[in-house]
Structures are given as C-alpha cells and as structure tokens.
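Heads up: the structure comes next, in structure tokens.
Just so you know, these numbers come straight off a predicted model, no measurement behind them.
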Amino acid sequence: MTRPVFRHVPFTIEQDRTSEPEYEVRCVSGDGTECGAASGTHGGPGPVEEGRRGHTQESGHRRCRRAVGDHAVPRPAAGLSGPGPADGEAS
C-alpha cells in the first residue's frame, strides 16, 4: 500500500499587478435604517469621493462604508519554486 506524501511549500499572497484596485462607497447613515446609496465600483478614488461629497450635501448623511478591493495571487516564497497559478490564469 502506498502512502500519500505531502510537501509543504511556503507561499506569499501578493497583489496581482495585472489588475487595478477597485473603489466603492455605500452610505450607512439614515433615520432608523441605512440609506444604502452606493457609488458603484470605480477604478480610482476620485469619482467615489466626489459622489460621496454630493450625497452628503444633498442628504446630510455623514457616515459611509468605504471599500477598496484588489486581486491577489499566491506565489512561492523567495528562492523557491513550486506549483502556483500561471501568469494570466483566472482565479
């Protein structure tokens, strides 16, 4: 009977430099319930911040939830080679 052999390869998680971060904001102010007004996803913080300023001026709502997301890929630790996602592989 053969036994499985497991090999531990240390990995680091890095930002995928082939994709851009995504920015968005959602209003969590309101009377009794969250407003929920959302910016949608943008490739930079400028449109999100500008939209948020406008919403605050119109509604008086001052509390929001900001989110910045990116894509991450595992890479073998420095000096090691091992299995990992190929460049351009979808995650």
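Note that the CZ atom of R26 and the CZ atom of R63 stand 10.0 Å from one another [nearest 0.5 Å]. Atom CG of D70 is separated from atom CZ of R17 by 8.5 Å, given to the nearest 0.5 angstrom.
Nearest heavy atoms, A72 versus I13: CB-CG2, 3.6 Å. Minimum interatomic distance between R62 and S29 (heavy atoms only, all atoms of both residues): N-OG, 3.4 Å.
Within 6.0 Å of CD in Q15 there are more than 12 heavy atoms belonging to other residues, nucleotides or ligands.
Through direct or relayed side-chain contacts under 4.5 Å between Ile, Leu, Val, Met, Phe, Trp and Tyr, V25 connects to Y23, V48, V68.
E49 places none of its side-chain heavy atoms less than 4.5 Å from the side chain of S39.
Partners of H61 under the ring pair (Phe, Tyr, Trp, His ring centres under 6.0 Å) rule, at least two apart in sequence or in another chain, are H55. Contacts of E22 classified as salt bridge (Lys or Arg N to Asp or Glu O under 4.0 Å), with partners at least two apart in sequence or in another chain: none.
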